[in-house]
Amino acid sequence: MAITVPIWPGSSSFTTGSTPFGFFDTDTTFQTHADKVSKWCATRLGYPLSDVELQSIHLYACFEEAVLEYSNQLNQYSIRDNMLLLQGTVTGSNLTGRPINPNLNRLIGIAKNYGTEAGSGGYLTFKSASIDVKKDQQVYDLSSLNYEVAGDVSKDIEIKKIYHTTPPAIIRYFDPFIGTGLGSQQLLENFGWGNYSPGVSFLMMPVYADLLRLQAIEFNDLIRKSGYSFELTGDRLKIFPIPTYDYKIYIDYITTEDRAAQSFSAASNTVGDFSNAPYELHRYSFINPAGKQWIFKYTLALAKEVLGNIRNKYSSVPIPGSEVTLNGADLISQAQVEKDTLIAQLRENLDAVSRQSQLAKMTEEADNIQSQLNKVPMTIYIGALVPLIMLVNLFLS
Amino acid sequence: MALYGGQRDVSLFRSLNRELLHRIIDTEVLFYTLNLDATQTNIYEESDSKVYNEPKLVYSIVTLDNEQWNADDYGSDITQTAVFAFLQDDLVDLNLPPHVGDIIEYKSRFFEIDSVFDNQYVVGKNPENNFGNTEHGYSVSISCQAHMTRQSKLNIVQTRFGNSVSIKDNTLPSNL
């Protein structure tokens, strides 16, 4: 049964639902432009001098795709430019077309990991454990620790700190028995000032005197006493010196599981990657004329591609007594070149307005202004010079 | 079920062909079909005064062969053959099935059809005789092999003028 598939009749009338996705169908400007762009494309393709084997739905689809491509390019660029700022933020708000104020939040977030390892801030809380040291027992198994969280006994842990060191010299600064102290500890203790810093002695001394005294105490401990220390190999903790009485040693630790888990601690509604960065499609009516012109040209390139594919389905078309080859291949190659050119042009423009480029431009501009200003001749102030010359002349005369 | 050559493709071919023949090549011929009812024949079904129906304008791709001049005892003569290719859809629209003996007028010359060819099909199928499969294939054209014939024999146009009684009694053209 012969059917006749209509081709472009010369005009069209856009209705909602005419595009494949319908992203912009309710935008009144899009509705108006859809028919105008279709007519323009058909005219550029040779209508009415030659038939254009397209229907309005082809041209509408091309138009929609062009707007999508434009919006997609802009959004991709924004996401790429702002990804560091976006990661970790909530996904709820639409950032399309909104300026992003740079901040250091994410950088600090990354730096916090170093803080964790250094025991200064960071994401992880150190847990505490203790070990009951027995007299004369020097070696202990970490599995015998008293963990803050009982379940951690079966996990891989990483020891962060073992509180088994020589008491700091400062607390023995006034110790009358170490031979190097100030010798007035007893006196201060009586007044209840024993734990205060050396500042309470009110003796005018240079700071280096305190430092030398502290150093002397430490040297004394190091040379004349058994040092407090430990060896940690595998699960074995060996403490020095050999305990002479029972006491507790406290340990700070983390589990490797906790460290790994904090990498995934962000909530599920936060931006993680390109796919959920909160950039929606642009509203067609808000796109400026420069953007719309790009869209028109891209629509034409797409229309050429579609028409080329239609004309190229069969390598030759039979005509009475012969056959002809259509220009499908030419149209496709033209369309590809035009599309590539338009995309390259748009990306070039976007690159030129990136945050980095703008900062570079402003720097260059400032440098150029400064350079120009430097060329302005320095004025000579002669207001005081003239009376001085007159005075000298008067004196000489 | 074939994947190619469906009616949508055929519609494209038809559209392209019509654009090509009607608007780009734009060559028309006058097609005279033989009126068998009005033609008087002898006992051998022969006739020397064929009657033709009103001509119809048809778009065609014309391939003219070179003219051949002959000179013999009866004088000089000129012969020429041609192939007229028609879009079958046009002929269907005009209800104009070509037959041997029909006359085609082109460039004021009259060509009598010697043979008719209907053998140009898309994807090798003619939906009219494809064992019921009317969804695929397309008969693109009908080509007519023809030779130039004498105008005086056809009596479609008046070729001689004078005081002939037969001319006075008939309106022109006489055999239409």
Side-chain angles (χ1 to χ4, degrees), chain A residues 1-12 20 38-39 41-62 302-332 334-335, chain B residues 3-25 27 29 58-63 82-93 98 117-124 126-128 130 132-145:
Chain A
M1 179 178 291
I3 61 170
T4 300
V5 180
I7 59 172
W8 176 250
S11 63
S12 61
S38 299
K39 187 174 182 179
C41 287
T43 307
R44 286 292 310 273
L45 290 169
Y47 189 87
L49 282 183
S50 61
D51 282 346
V52 176
E53 293 83 20
L54 295 175
Q55 296 179 345
S56 56
I57 56 168
H58 293 117
L59 298 166
Y60 294 156
C62 293
L302 291 172
K304 279 185 182 178
E305 191 177 48
V306 176
L307 186 60
N309 282 325
I310 289 171
R311 290 183 178 173
N312 219 26
K313 180 175 179 181
Y314 294 90
S315 58
S316 60
V317 173
I319 63 169
S322 184
E323 59 184 23
V324 293
T325 302
L326 302 181
N327 62 344
D330 289 343
L331 284 170
I332 290 172
Q334 274 180 37
Chain B
L3 291 175
Y4 283 70
Q7 288 305 302
R8 288 187 175 275
D9 292 345
V10 167
S11 176
L12 175 67
F13 291 148
R14 185 181 293 118
S15 166
L16 290 168
N17 270 290
R18 284 196 163 136
E19 182 190 12
L20 187 67
L21 261 72
H22 296 190
R23 293 167 54 193
I24 297 174
I25 298 174
T27 300
V29 298
V58 194
Y59 291 100
S60 174
I61 295 178
V62 182
T63 308
V83 175
F84 297 89
F86 302 100
L87 187 64
Q88 196 177 67
D89 289 313
D90 285 347
L91 299 179
V92 170
D93 289 346
F117 303 100
D118 175 12
N119 58 2
Q120 190 184 15
Y121 304 134
V122 169
V123 294
N126 181 1
E128 290 178 7
N130 193 25
N133 180 3
T134 59
E135 300 297 324
H136 293 84
Y138 174 47
S139 177
V140 182
S141 68
I142 290 182
S143 298
C144 299
Q145 178 79 45

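Here the structure is a predicted model, which means the values were calculated and not measured. Naming: A, B, ... by sequence-line order, numbering from 1 per chain.
The two residues A:S316 and A:T325 make their nearest non-hydrogen contact at CB-OG1, 4.2 Å. Taking all atoms of both residues into account, the shortest heavy-atom contact from A:G308 to A:L331 is CA-CB, 3.7 Å.
Proximity to chain B (any heavy atom under 4.5 Å) is restricted, for A:I7, to the side chain, taken from C-beta onward. The part of B:L21 that comes within reach of chain A is its side chain, from C-beta onward, which places non-hydrogen atoms under 4.5 angstrom from that chain. Within the 4.5 angstrom heavy-atom criterion, atoms from both the backbone and the side chain of B:L87 approach chain A. Only the backbone of A:L49 comes within contact range of chain B, judged by heavy atoms closer than 4.5 Å.
Under a cut-off of 6.0 angstrom, the local environment of CZ in B:R8 is sparse, with at most 12 non-hydrogen atoms contributed by other residues, nucleotides or ligands. Residue B:R18 qualifies as enclosed at atom CZ: its count of foreign heavy atoms under 6.0 Å is above 12. The local environment of CZ in B:F117 is crowded, with over 12 non-hydrogen atoms from other residues, nucleotides or ligands closer than 6.0 Å.
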Check step by step if side-chain contact (heavy atoms from CB on, under 4.5 Å) holds for B:N17 and B:Y59.
CA-CA 11 Å; B:N17 270 290; B:Y59 291 100; over 6 Å; no
Intermediate values then yes/no, side-chain contact (heavy atoms from CB on, under 4.5 Å), A:V317 and B:L20
CA-CA 11 Å; A:V317 173; B:L20 187 67; over 6 Å; no
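The candidate from B:V122, B:I142, B:L12 with the greatest count of non-hydrogen atom pairs under 4.5 Å with chain A is B:L12. Considering only heavy-atom pairs separated by less than 4.5 Å from chain A, the leading option among B:D89, B:T63, B:V10, B:L16 is B:L16. The candidate from B:F86, B:Y4, B:Y138 with the greatest count of non-hydrogen atom pairs under 4.5 Å with chain A is B:Y4.
In this structure, A:N309 contributes its side chain and A:E305 its backbone to a donor-acceptor pair below 3.5 Å.
Among B:V29, B:V83, B:I25, the single residue meeting the side-chain contact (heavy atoms from CB on, under 4.5 Å) criterion with B:S60 is B:V29.
When the heavy atoms of residues 50-59 of chain A are compared with those of chain B, the residues falling under 4.5 Å are A:S50, A:D51, A:E53, listed by number.
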